Amino acid sequence: MGTLATKYDPREVEGKWYEYWERHGLFHSEPDGREPYTIVIPPPNVTGVLHMGHMLNNTIQDILVRRARMDGKNALWVPGTDHASIATEAKVVKRLAEQGISKRSLTREEFLKHAWDWTHEHGGIILKQLRRLGASCDWDRTAFTMDEKRSESVLRVFVDLFEKGYIYRGLRMVNWDPKAQTALSTEEVIHRDEKSKLYYLRYYVANDDLTGETGQEGEIVHRDAQGRRYAVVATTRPETIMGDTAMCINPKDPKNQWLRGKRVIVPLVGRVIDVIEDHYVDVEFGTGCLKVTPAHDTNDYMLGRTHNLETIDIFNPDGTIGPASPLYVGMDRMDCRKQIVVDLEAAGLLEKVEDYENKVGYSERNPDTAVEPRLCMQWFLKMKHFAEIALPPVMNDELKFYPPKYKNTYRAWLENIQDWCISRQLWWGHRIPAYFLPTAEGEEERYVVAMNEEQALAKARALPGYENITADQLRHDEDALDTWFSSWLWPVSLFDGINHPGNAEISYYYPTADLVTGPDIIFFWVARMIMAGYEFAGDMPFRNVYFTGIVRDKLGRKMSKSLGNSPDPIGLIDRFGADGVRMGMMLSAPAGNDILFDEALCEQGRNFNNKIWNAFRLVKGWQVSDDVEQPEHSRLAVEWFGQVLNATLAEVKDLFSKFRLNEALMAVYRLFWEEFSAWYLEVVKPAYEHPIDRATLDATWHYFDTLLRLLHPFMPFITEELWQHIGEHADGDSIMTARIPEAGQVNESLLAAMAQAKEIVGGVRNVRKSKNLPPREALTLQVVGQLDNPFKPIICKLGGLEAIAEVEAKEATAASFLVGTLELAVPLGNNINVEEELAKLEADLAYARGFLATVEKKLSNERFVANAPEAVVAGERKKQADALSRIETLTAAIAALKQ
RNA sequence: GGGCGCUUAGCUCAGCUGGUUCAGAGCACCUGCCUUACAAGCAGGGGGUCGGCGGUUCGAAUCCGUCAGCGCCCACCA
């Protein structure tokens with residue numbers, strides 16, 4: 001260990017031990033006879049870099065897996081990365097654009113080559129960073145959602161679900177991301193409140209004779225200066241009027257009765273459209289007139305289907321105005337909105353504009369891009385069956401959520417589940433294994449679904465009329481699958497349970513134990529893994545789900561690049577050490593609550609490292625002598641600390657079982673700092689340059705060893721470093737695989753006695769401080785009456801006492817204090833300040849009398865005495881007796897002092 | 001518009017099935033100490049009528065109702 005610096009330096013230690021653990025294969029797991037404990041990592045994006053959310057999440061996983069390992073389980077943490085279809089493709093497209101290459105100028109194969117290059121270049125950085133954190137992943141098993149086994153799994157599952165009739169293809173209104181130019185699932189749309197405008201547009205009545213009726217009672221008829229009648233339509237999206245194919249009113253709307261059966265003219269466009277009637281229209285909203293654009297609004301699409309309306313898609317896939325529009329072709333939709341408002345106004349077709357707040361859907365991956373409802377052909381997975389198999393186990397707690405409040409969220413989603421749009425118009429991802437067959441013009445499309453071209457060909461040839469089809473006549477679907485269509489298989493596919501059901505690995509490691517992830521992906525990932533788990537492995541994918549919170553800054557703001565409030569995790573590790581940062585993360589991370597990250601917490605973690613380090617230095621520096629007999633105070637301290645340790649071992653075990661890891665850490669923290677360092681070590685510490693006895697030293701090392709084990713899951717590096725220096729260890733030994741002992745029976749009375757002893761010591765220290773007595777001056781402690789406490793020698797040592805005297809009355813010139821009902825006093829001779837002492841005693845007396853009054857009031861309440869349980873009443877009577885006794889003591893003390 | 005959750009010390013939180021482990025912890029703060037393990041430390045200390053109001057009860061931080069504030073999730077009113 002070299003020289004023992006007064007400060008712990010993690011930099012010398014952390015890399016060394018991580019390399020040691022890897023070299024000795026300590027992270028690796030193989031099935032054996034032990035109970036398995038398995039965690040699969042939520043795979044980070046392959047080209048991502050570590051952020052604070054990962055730090056929290058992976059610290060928790062590492063704590064759980066290290067603890068399980070030390071509980072004797074065969075612990076396995078499987079790492080891997082996600083191909084992150086849409087996110088990665090976006091990055092690659094962006095980089096190509098920077099090089100002046102457009103995606104469209106490349107073939108699929110060329111593009112994928114670039115994407116793989118990028119993946120190999122930037123991929124896996126995050127896995128290296130996890131090593132800095134101390135993550136004890138079995139790196140031999142590192143997987144990728146698009147590696148061979150996982151890809152085969154995905155295709156197999158697609159074919160299987162298609163054959164089961166759960167996958168279908170259809171023309172549907174989907175959420176379209178014009179930037180990524182792909183369809184999205186409903187879950188990938190983020191709705192945000194937005195301040196926008198409500199535009200009121202004039203739709204003139206077609207072929208209006210200016211002498212038309214003026215309107216019945218309750219009708220609202222608009223006329224311009226020339227007397228021409230028009231309807232007013234309120235819309236937030238005036239740029240879509242080029243796609244209007246009807247106007248709709250509610251047949252029961254009195255103010256718009258006059259529009260029934262009329263035709264109106266779309267402003268600027270000039271197209272004449274029918275006024276249709278549907279109860280869908282809200283009479284109260286706007287003017288009660290709704291423009292219907294079936295191609296660009298989900299509701300309008302429904303109306304269009306009901307009323308057989310024409311559908312005019314005025315947009316290009318990239319969100320610019322397309323050739324189907326009579327106006328503004330080529331203009332971006334957002335620019336078009338501005339321009340059309342100007343033009344409408346100029347044409348006198350804009351009635352008014354109001355401020356308006358509404359929700360706009362944005363793409364989860366391109367947060368600045370508003371999602372466009374778009375009608376197109378996509379692949380869908382029917383979800384009803386999956387919702388039915390995934391809901392019960394969570395609701396009846398076979399599969400537990402921590403915290404349980406997320407059960408509600410989960411249920412609400414499953415009970416209102418929509419079919420999952422699984423196709424993406426992307427190249428980076430698993431290509432949909434569908435093969436289209438040649439068909440005649442106008443004939444409905446035909447396709448086969450198969451694992452590969454060969455099988456597809458065989459399937460195709462089995463179809464009547466296609467007996468002689470050749471491979472080059474098959475057209476492989478261009479689309480890729482949603483990323484989550486591979487990650488929902490993760491807990492199964494990692495053990496190759498899709499391709500080889502029932503193999504030795506899946507049988508042993510599945511179901512996994514705990515999943516640690518954020519609640520933001522409860523639908524994307526957690527729910528779907530539960531579905532896939534039951535469907536493809538016949539059982540739950542994990543027994544418990546621990547939902548972490550979101551990491552925010554100390555002001556409660558989300559961490560973001562633009563705010564610059566997101567610290568670089570590796571930088572933090574450099575400054576505070578991985579152990580310090582891990583502790584900083586955990587100190588304020590109750591399950592499910594957002595954590596307000598503050599660097600000060602890492603500092604606290606670092607300080608704790610230093611505390612452990614210095615405690616170690618102290619014990620390491622002791623000289624042992626077999627000639628020294630064990631002092632009584634040391635013997636007692638050893639006995640007592642064993643009990644505290646037992647109690648904490650039990651407490652921590654219980655807290656782990658409830659995933660209350662921050663409380664478990666706090667329990668260990670206090671055990672080490674308060675009980676072990678401030679009390680135990682202070683008692684057994686030999687006088688300067690005096691040796692320690694063998695029995696106490698052995699016990700102390702034993703305790704230190706156990707404390708390090710308890711701490712190891714939280715702070716793996718420093719604990720390994722110190723543990724290696726306790727006793728003899730062979731190369732390859734590690735605290736990682738040492739066991740955390742089971743708690744023995746706790747002797748509560750010893751703990752209570754020590755609590756009293758600590759209070760007495762505190763009282764003496766108080767006297768010493770308030771009277772300015774030097775720390776080394778030996779004092780005598782008087783106890784009025786009897787002190788029935790086994791730890792008197794400890795009280796003497798820590799109080800700096802030469803004697804504890806049990807007396808009938810304390811000396812008049814003594815500084816007294818109470819512990820419970822017991823009066824204790826330190827004689828001060830001439831040092832006493834009578835006035836001060838009197839004032840203190842009077843204050844105590846007043847408090848005791850007030851306390852007595854409240855107790856007696858309670859006891860004089862007949863209904864209390866009659867109704868409350870006996871134990872409670874007895875408790876009150878004891879309080880009463882104690883208070884009376886205390887008052888007596890205080891009164892006597894005051895009287896004595898006054899003489 | 002529906003649903004869920006939260007509100008306890010300056011900050012972050014714990015307080016399970018109502019009553020001596022009921023008002024707690026860590027940090028921060030104040031006071032005194034460079035006492036040969038540690039000033040990244042030691043010893044001591046102050047601080048909350050448990051969001052407001054009402055109810056149930058002998059008794060409420062804890063149960064019920066209500067109001068206020070905050071947060072999250074879901075939802076096709078343009």
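Everything numeric here is computed off the predicted structure, so don't read it as measured data.
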B/A37 P sits how many Å from A/Leu722 CG, rounded?
18 Å

So A/Ala600, base contact, sugar-phosphate only, or nothing? Heavy-atom distance under 4.0 Å.
nothing

Please give the nucleotide sitting opposite B/C13 as a Watson-Crick or G-U wobble pair, both distances under 3.5 Å, or none.
B/G24

Side chains of A/Asn250 and A/Tyr280 only: does a donor on one sit below 3.5 Å from an acceptor on the other?
no

Closest to side chain of A/Asn593, choosing from B/G44, B/A75, B/A14
B/A14

Donor-acceptor pair present, A/Glu682 side chain and B/A37 base, under 3.5 Å
yes

How would you label the contact of A/Lys359 with the nucleic acid (heavy atoms, under 4.0 Å): base, sugar-phosphate, or nothing?
base

Phosphate-side-chain proximity, A/Trp673 and B/A40, N/O vs OP1/OP2 below 4.0 Å:
no

Does A/Asn607 put a side-chain nitrogen or oxygen below 4.0 Å from OP1 or OP2 of B/G41?
yes

Using whole Å, what does the distance between atom P of nucleotide B/A43 and atom CG of A/Leu798 come to?
10 Å

Pair assignment for B/A78, Watson-Crick or G-U wobble, requiring both distances under 3.5 Å:
none

Taking atom types as they are modelled, is there a donor-acceptor pair under 3.5 Å from the base of B/U12 to the side chain of A/Lys554?
no

Length of the CH2-C1' vector between A/Trp413 and B/C72, whole Å
18 Å

Would you please confirm or rule out a distance under 4.0 Å between OP1 or OP2 of B/G71 and any side-chain N or O of A/Arg557?
no

In whole angstrom, give the distance that lies between atom NZ of A/Lys658 and atom P of B/A14.
14 Å

Rounded to whole angstroms, how far apart are OH on A/Tyr410 and C1' on B/C74?
16 Å

Strictly below 4.0 Å: does A/Lys611 bring a side-chain N or O up to OP1 or OP2 of B/G41?
no

By nearest-heavy-atom nucleotide on RNA chain B, the more 5' of A/Ala678 and A/Asn662 is A/Asn662

Hey, does A/Ala234 reach any base, or is it just sugar-phosphate, or nothing, if we go heavy atoms under 4.0 Å?
base

How are the rings of A/Phe523 and A/Trp413 set to each other: parallel, tilted or perpendicular (split at 30° and 60°)?
parallel

Phosphate OP1/OP2 of B/C27: any A/Tyr669 side-chain N/O under 4.0 Å:
yes

The Watson-Crick or G-U wobble partner of B/G48, with both key distances under 3.5 Å, is none

Please determine whether a side-chain nitrogen of the Lys or Arg among A/Asp355 and A/Lys197 lies less than 4.0 Å from a carboxylate oxygen of the Asp or Glu.
yes

Quick one: label A/Asn610 by what it contacts on the DNA or RNA (base, sugar-phosphate, nothing), any heavy atom closer than 4.0 Å.
base

Would you say a side-chain N or O of A/Asn299 is under 4.0 Å from OP1 or OP2 of B/C77?
no

Rounded to whole Å, please give me the gap between NZ in A/Lys197 and C1' in B/A78.
17 Å

Rounded to whole Å, the CD1-C1' distance (A/Ile718 to B/C38) equals 12 Å

Please report, rounded to the nearest Å, how far the P atom of B/C77 is from the OH atom of A/Tyr301.
19 Å

For A/Thr235, answer base if it contacts any base atom (sugar-phosphate contacts may also be present), sugar-phosphate if it contacts only those atoms, and nothing otherwise; contact means non-hydrogen atoms under 4.0 Å.
sugar-phosphate

Considering only side-chain heavy atoms of A/Arg660, which listed nucleotide, B/G15, B/C38, B/G32, is closest?
B/G15

Select one nucleotide: of B/A40, B/C4, B/A14, the one nearest the side-chain heavy atoms of A/Arg606.
B/A40

Look at the side chain of A/Phe864 and decide which nucleotide, out of B/C58, B/G26, B/A37, has an atom nearest to it.
B/C58

Could you tell me whether A/Glu372 and A/Arg237 make a salt bridge, using a distance below 4.0 angstrom between a side-chain N and a carboxylate O?
yes

Using Watson-Crick or G-U wobble geometry with both distances under 3.5 Å, which nucleotide pairs with B/U57?
none

Is there a side-chain contact between A/Tyr356 and the phosphate of B/A78, meaning an N or O under 4.0 Å from OP1 or OP2?
yes

Salt bridge flag under 4.0 Å for residues A/Lys407 and A/Asp397
yes

May I ask you to evaluate whether A/Arg765 reaches the phosphate of B/G44, defined as a side-chain N or O under 4.0 Å from OP1 or OP2?
yes

For A/Ser677, which contact category applies under a 4.0 Å heavy-atom criterion: base, sugar-phosphate, or nothing?
base

